[in-house]
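Following: one structure in structure tokens, then a few remarks.
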Protein chains: 2
Amino acid sequence: MSSRNASPERRPAARAEVEDAILRAAEAEFAEKGYDGATTAAIAARAGLPKANLHYYVATKEALYRRVIGGVLDAWLAEARSFDENGPAAEALTRYIEGKMDLARARPLGSRIFAREVMSGAPAVRDFLETTLAEWVKARGAVVEGWIASGQVRPLDPKVLFFTIWAVTQHYADFGAQIAALNGGAPLDDDAFAAAKRQVVETILRGIGPDRA
Amino acid sequence: MSSRNASPERRPAARAEVEDAILRAAEAEFAEKGYDGATTAAIAARAGLPKANLHYYVATKEALYRRVIGGVLDAWLAEARSFDENGPAAEALTRYIEGKMDLARARPLGSRIFAREVMSGAPAVRDFLETTLAEWVKARGAVVEGWIASGQVRPLDPKVLFFTIWAVTQHYADFGAQIAALNGGAPLDDDAFAAAKRQVVETILRGIGPDRA
DNA sequence: CGTCAGTTTTTCCGATCGGTCAAACGCCCC
DNA sequence: GGGGCGTTTGACCGATCGGAAAAACTGACG
């Protein structure tokens, strides 16, 4: 098919690299400044190309935003699969919470874009929330109900449990600046973050565990 | 002193009312759209006056924003005093968590403005974070250490406990749109919110309680 | 060497924003 | 009733933004 390249990995790769640089630049700008605060000129500059060139690869600022948001949602779903591997409640929840904490540390930008989006009334992700996420919550809520029935978890509303887990884990991404300010100005180092992760997991697991008589 | 009014409560009250309307309109706009997304025209329209009139009461958009942020921080500090009344750990923490949950429900706008501010790198609240809040955390951290020493709380990092409480309570303000989407499209009603509040308090209290042998 | 598709870049445009200005308005006191 | 002062308002301005347009450049291929 592609007969125009002697070295078949040069030009197509370059295009993919440029598009990837644009997406990463846009993610950073949208996370820091928000949709309105971000400018296409700043995104282009961060990606290393003139503003007009950006519009050759992506039609509008909104289309670029929707692509970035789509990537964020994909990453969310991919990571949420860690919930589904079998095992006892404590193992599954530990895996899930630790996965979300690690994601918050490794890629905090997506979480911030999502938070801004939801705080603005979720115009671009409402459909995701009402369909995909609602189904996810319903299905995994049934799993939690099973844990309650088998006595692994005390009786509670699974939805509130999910809210709790999301809130705490995303907090480490969204409020990184606050955490750093209370940590002497620097982000948590690896040891401090690992300790926080252990405490979060332990607190939630104890918090939802069954009564111990 | 003020010799220009026959009825001394008429005109000054009107001025205070206008300024209050401006502050409430600005709070709503900044919470929904963010600093860059909010426009002085929209704020003025929401407050019921022409844009030019807004600038008679407040010099610049940034000055208005700083006034709003100042009010948010004041409300935070006022509400945080509920932590300080004496009593056993469970009572103090229940009071504190329930107070923050109620505040998140009654006035979610301030929480969203604060969240956006921190996600943007906290340019307007960095000083608050590094001084006032840092001192608050240090002092109340010592209280938590006392609870640990007296066996009311298992050994843990007080800062991570505060992060957990803030994360969960503010989540109900910041992610109200997400919670509504997962609640059939409507915000939690009074009963559902009260149940969520109970579960949050119970989860955290069990989560940090001492080992029960 | 000329063509041509894909890409880059300079220039420019209309819309919108925060903020200014000066005229008009309302109201009180002499 | 006429100054005078605080307030209101429409008109306007410079800056900035998202985006369009078109010329210039590039490298592969006949």
Side-chain angles (χ1 to χ4, degrees), chain A residues 1-23 25-30 32-69 120 123-124, chain B residues 1-23 25-30 32-69 120 123-124:
Chain A
M1 292 295 191
S2 70
S3 59
R4 70 187 144 92
N5 272 322
S7 53
E9 284 307 315
R10 287 281 297 280
R11 285 299 96 197
R15 167 146 202 153
E17 277 170 27
V18 171
E19 292 194 339
D20 206 61
I22 290 174
L23 281 178
E27 189 181 51
E29 287 292 319
F30 286 137
E32 263 182 49
K33 319 276 184 65
Y35 179 81
D36 292 293
T39 67
T40 56
I43 293 171
R46 195 190 275 252
L49 27 80
K51 185 185 72 164
N53 202 2
L54 184 78
H55 281 83
Y56 177 76
Y57 288 98
V58 49
T60 68
K61 182 186 180 184
E62 195 192 330
L64 177 56
Y65 178 72
R66 299 193 101 94
R67 257 206 250 177
V68 171
I69 274 273
S120 297
Chain B
M1 294 291 191
S2 70
S3 59
R4 67 187 147 92
N5 273 321
S7 54
E9 284 306 316
R10 287 280 299 281
R11 286 297 95 201
R15 167 146 200 152
E17 278 170 26
V18 171
E19 292 193 338
D20 207 60
I22 290 173
L23 281 177
E27 189 181 50
E29 287 292 319
F30 285 138
E32 262 182 48
K33 319 277 184 64
Y35 179 82
D36 292 292
T39 66
T40 56
I43 293 171
R46 196 190 275 251
L49 25 81
K51 186 185 72 165
N53 202 2
L54 183 78
H55 280 86
Y56 175 77
Y57 288 98
V58 49
T60 67
K61 182 186 180 182
E62 193 191 332
L64 178 56
Y65 178 72
R66 299 193 101 93
R67 258 205 251 176
V68 171
I69 274 274
S120 296

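Computed from heavy atoms alone, side chains included, the values below leave out hydrogens, waters and symmetry copies. A note on names: the letters A, B, ... follow the listed sequences, proteins ahead of strands, and every chain is numbered from 1. No experiment lies behind these values; they were computed from the predicted model shown.
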*What parts of residues 57-66 of chain B reach DNA chain D, counting only heavy atoms under 4.0 Å away?*
B/Y57

*Do nucleotides 10-16 of chain D as a string where each nucleotide becomes B, S or -: B if the base has a protein heavy atom under 4.0 Å, S if just the sugar-phosphate does, - if no protein is that close.*
B------

*How many angstroms lie between atom CD of A/E27 and atom CD1 of A/I69, to the nearest 0.5 angstrom?*
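Here the interatomic distance stands at 10.0 Å.
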
*asked:* How long is the straight-line distance from NZ of A/K61 back to OH of A/Y35, given to the nearest 0.5 Å?
replied: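 Atom-to-atom, A/Y35:OH and A/K61:NZ are 5.0 Å apart.
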
In whole Å, what is the span from the [atom1] atom of [X] to the [atom2] atom of [N]?
{"X": "B/L54", "N": "D/dT7", "atom1": "CG", "atom2": "C1'", "answer": "14 Å"}
{"X": "A/H55", "N": "C/dC13", "atom1": "NE2", "atom2": "P", "answer": "18 Å"}
{"X": "B/Y35", "N": "C/dC17", "atom1": "OH", "atom2": "P", "answer": "14 Å"}
{"X": "B/I43", "N": "C/dC17", "atom1": "CD1", "atom2": "P", "answer": "12 Å"}
{"X": "A/L49", "N": "C/dG6", "atom1": "CG", "atom2": "P", "answer": "19 Å"}

*asked:* Quick test of your reading: applying salt bridge (Lys or Arg N to Asp or Glu O under 4.0 Å), list the pairs with at least one residue in residues 38-50 of chain A, sequence neighbours left out, ordered by first then second residue.
replied: A/E29-A/R46, A/E32-A/R46

*Roughly how bent is the helix from C/dC1-D/dG30 to C/dC30-D/dG1 end to end, in steps of 10 degrees, with each end axis from five pairs?*
20°

Contact summary for [X] and [Y], nearest pair of heavy atoms:
{"X": "A/A47", "Y": "A/A21", "value": "CB-O, 3.8 Å"}
{"X": "B/L54", "Y": "B/T40", "value": "CD2-O, 3.6 Å"}
{"X": "A/F30", "Y": "A/Y65", "value": "CE1-CA, 3.7 Å"}

*Is a side-chain N or O of B/K51 found less than 3.5 angstrom from the main chain of B/T39, in a donor-acceptor match?*
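No; judged by distance alone, with no hydrogens or angles, the pair does not exist.
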
*Give a yes or no on whether the backbone of B/D36 and the side-chain of A/K33 come within a donor-acceptor separation of less than 3.5 Å.*
no

*Just checking B/A38: base, sugar-phosphate only, or nothing, at a heavy-atom cut-off of under 4.0 Å?*
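Contact class for B/A38: sugar-phosphate only.
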
*Indicate, with a heavy-atom threshold strictly under 4.0 Å, whether A/A44 touches base, sugar-phosphate, or nothing.*
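Answer is nothing: A/A44 stays at 4.0 Å or more from every strand.
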
_Suppose we screen for side-chain contact (heavy atoms from CB on, under 4.5 Å). Which residues come up paired with A/N53, at least two apart in sequence or across chains?_
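If we apply the side-chain contact (heavy atoms from CB on, under 4.5 Å) test to A/N53, skipping adjacent residues, the hits are A/L49, A/P50, A/Y56, A/Y57.
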
*Looking at residues at least two apart in the chain, or sitting in another chain, which of them share a salt bridge (charged side-chain N to carboxylate O under 4.0 Å, His left out) with B/R67?*
none

*asked:* Does D/dT7 have OP1 or OP2 under 4.0 Å away from a side-chain N or O of B/Y56?
replied: yes

